[in-house]
Amino acid sequence: MSFKGIGLRIFALILGVVVIIAGIYINFFQTKGFERTKATITSIEEKEVEFPTDSNREIEHVVTVEYSVNGNEYEEVLDFYSPTFREGTTVEILYNPTNPSEIHSNSPFRIIILIIGIVIVLVVVISFIRGKAALRKLKETENIGKGHTYAKSVPGEERELYFLTDLGTPKYGHRIEDSARRVLYEAKMTKFSASVPCAFDFIDHEHGRTTAHLVGQQESSEMNSFFFDNHYTFSFDGEDIWKHLKRNGIRMDSSYGQGSGKLIGVNYVIYRDDVELARVESTSQYVHEEDEEAHKIAKKIPIQGFFRIRTRATDLEVLFVTLLAFARTEASSANGGNRKTLFNTIKNAAKDS
């Protein structure tokens, strides 16, 4: 499983709680009733881990200490290692007075564990509160949110358009151009955040409209199986993007291959209220035909976030948001997964044969 966006925050919150519990146990229960004493490091041995977590060779350090309790001498292995340790130096340990051979390090790391857990939880809670506050403020000032709908689709003459994604920067945006490279519709990030949704201005240059939206970080759950569909999504004004599109009447058919000399890519037929809105094919970053011709090798490799569009839509807003969903995720079908597209491809191949 992998998590991003809100999924990452939930995972971090669970991790923080687990670390806090471990810190409480280590500091207040594991050594309850133990007493302090000084011990001398007698040896530090390097030992290869028998079952390393990866293919690289892993080394652990075995620290042996010598100490005295009630006139009796003990030599035991310490449960902690620090690069500052040297043979012959003195360290403070905790021992069980009823069983002096049971010892633990009295390292500040015991408290640090607890502090780390508290910090993780605080960061997650603060980011969640900030995200909620940002969404509430946006709703109040822009009158948008989960109830946001789009203008009715009015067909016009068919035109060929191009969807491009700005790469190479955290504050990347998206735009739709025409064949003359005029930007018709674009999303510009106005505020970046790694923990809460990012603020965007959606600018409709054809109709002179600008609308603010909050676009969350991508989150995903991956099962790495042919039979179980991976799911990729993000929040759009606090609503799951795929639910948002479905609520606005968007559905689509998608399949791999065909079109523009691609080795492999996704073609979409996008419908709104069961009326065809656009036919879309994924391309390389050279979406204009003349650029693609000048980059003969690159054009065979579609890149996420670049599309060639044929549409009769006169208002591009809902089409732009639909393509934004695919540009910012690894999904290829309207349920946020990939399997449906694969099955459509197999079905179409069987039909053609």
Side-chain angles (χ1 to χ4, degrees), residues 138 142-144 148-169 171-191 198-215 234 236-237 241 244-245 248-252 254 259-260 265-273 275-295 299 302-329 331 334:
L138 188 63
E142 303 290 343
N143 192 31
I144 64 171
H148 184 68
T149 56
Y150 302 92
K152 184 178 180 181
S153 298
V154 178
E157 292 186 3
E158 183 173 279
R159 49 184 174 165
E160 183 171 297
L161 305 176
Y162 311 91
F163 186 99
L164 298 91
T165 297
D166 298 325
L167 302 176
T169 169
K171 297 184 69 172
Y172 68 97
H174 310 270
R175 64 188 184 276
I176 290 179
E177 298 179 351
D178 64 10
S179 57
R181 302 177 191 267
R182 291 184 301 119
V183 178
L184 306 181
Y185 201 105
E186 64 180 321
K188 288 186 175 181
M189 187 183 294
T190 58
K191 186 176 181 180
C198 301
F200 278 82
D201 277 343
F202 280 45
I203 307 170
D204 184 345
H205 292 284
E206 288 189 295
H207 299 91
R209 298 192 302 254
T210 299
T211 308
H213 291 285
L214 285 178
V215 180
F234 59 87
F236 187 81
D237 293 337
I241 183 62
H244 176 85
L245 292 174
N248 281 279
I250 295 294
R251 72 171 181 85
M252 65 199 70
S254 56
S260 298
V266 184
N267 298 324
Y268 306 92
V269 182
I270 301 172
Y271 301 88
R272 186 179 185 193
D273 298 326
V275 177
E276 183 178 306
L277 181 67
R279 281 164 285 130
V280 179
E281 63 181 29
S282 53
T283 72
S284 72
Q285 69 267 43
Y286 307 106
V287 296
H288 293 276
E289 284 85 344
E290 58 270 31
D291 293 340
E292 194 173 64
E293 185 62 29
H295 299 82
K299 77 173 185 177
I303 296 178
Q304 183 177 317
F306 296 86
F307 305 100
R308 187 171 293 121
I309 311 161
R310 290 177 178 83
T311 182
R312 294 181 61 198
T314 54
D315 191 309
L316 299 176
E317 184 179 23
V318 68
L319 175 59
F320 181 87
V321 174
T322 303
L323 296 178
L324 177 79
F326 290 112
R328 296 181 73 88
T329 69

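Computed from a predicted structure; not experimentally measured. Only heavy atoms go into these numbers, but all of them, side chains included; no hydrogens, no water, no symmetry mates.
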Answer yes or no: is there a side-chain heavy-atom contact under 4.5 Å between Leu277 and Ser153? yes
Residue set satisfying side chain to side chain contact (heavy atoms under 4.5 Å, CB included) with Ala334, at least two apart, ordered chain then number -> Met252
Salt bridge (charged side-chain N to carboxylate O under 4.0 Å, His left out) filter on Arg181, not counting sequence neighbours, yields Glu290, Asp291
Between Phe320 and Phe163 (judged by ring centroids, cut-off 6.0 Å), do the two rings come close enough to count as a pair?
yes
Interatomic distance, CZ@Arg251 vs CD1@Ile270, rounded to 0.5 Å, equals 11.5 Å
All heavy atoms of Thr165 vs all of Gly305, minimum pair found to be OG1-O, 2.5 Å
Taken in chain and number order and not counting sequence neighbours, the residues that satisfy salt bridge (charged side-chain N to carboxylate O under 4.0 Å, His left out) with Arg175 are Asp166, Glu177
Minimal heavy-atom distance between Phe236 and Leu324, with the atoms involved, is CE1-CD2, 4.2 Å
Those residues at least two apart in sequence (or on a different chain) that pass ring pair (Phe, Tyr, Trp, His ring centres under 6.0 Å) with Tyr150 are His148, His244
Heavy atoms of Phe306 and Ser284 approach each other most closely as CB-O, 3.2 Å
When every non-hydrogen atom of Val266 is compared with those of Ser254, the smallest separation belongs to CG1-CB, 4.0 Å
Output for pair (Ile309 CD1, Leu319 CG), nearest 0.5 Å, gives 5.5 Å
To the nearest 0.5 Å, atom OH of Tyr286 lies from atom CD1 of Ile303 at 7.5 Å
Contact between Leu316 and Leu161 at the side-chain level, heavy atoms closer than 4.5 Å - yes or no?
yes
Closest heavy-atom pair, Thr329 versus Gln304, reported as atoms and distance to 0.1 Å, is O-NE2, 2.6 Å
Contacts of Arg312 meeting side chain to side chain contact (heavy atoms under 4.5 Å, CB included) (sequence neighbours excluded), chain-then-number -> Pro155, Glu158
All N/O donor-acceptor pairs, side-chain side in residues 201-208, below 3.5 Å, sequence neighbours left out:
| from | atom 1 | to | atom 2 | distance (Å) |
| --- | --- | --- | --- | --- |
| Asp204 | OD1 | Glu206 | N | 3.1 |
| Asp204 | OD1 | His207 | N | 3.2 |
| Asp204 | OD1 | His207 | ND1 | 3.3 |
| Asp204 | OD2 | His207 | ND1 | 2.9 |
| Asp204 | OD2 | Arg209 | NH2 | 3.0 |
| His205 | NE2 | Glu186 | OE2 | 2.6 |
| Glu206 | OE1 | Arg159 | NH2 | 3.3 |
| Glu206 | OE2 | Arg159 | NH1 | 2.9 |

Smallest heavy-atom separation, Phe307 atom then Ser282 atom, equals CD2-CA, 3.8 Å
dist Thr190:OG1 -> Leu214:CG (nearest 0.5 Å) comes out at 8.5 Å
Side chains of Arg308 and Glu289: closer than 4.5 Å at any heavy-atom pair?
yes
The reported gap from OG1 in Thr211 to CD in Glu317 (rounded to nearest 0.5 angstrom) is 5.5 Å
Val154 vs Asp315 side-chain heavy atoms within contact, under 4.5 Å
no
Do Val321 and Asn248 come within less than 4.5 Å of each other through their side chains, counting heavy atoms only?
no
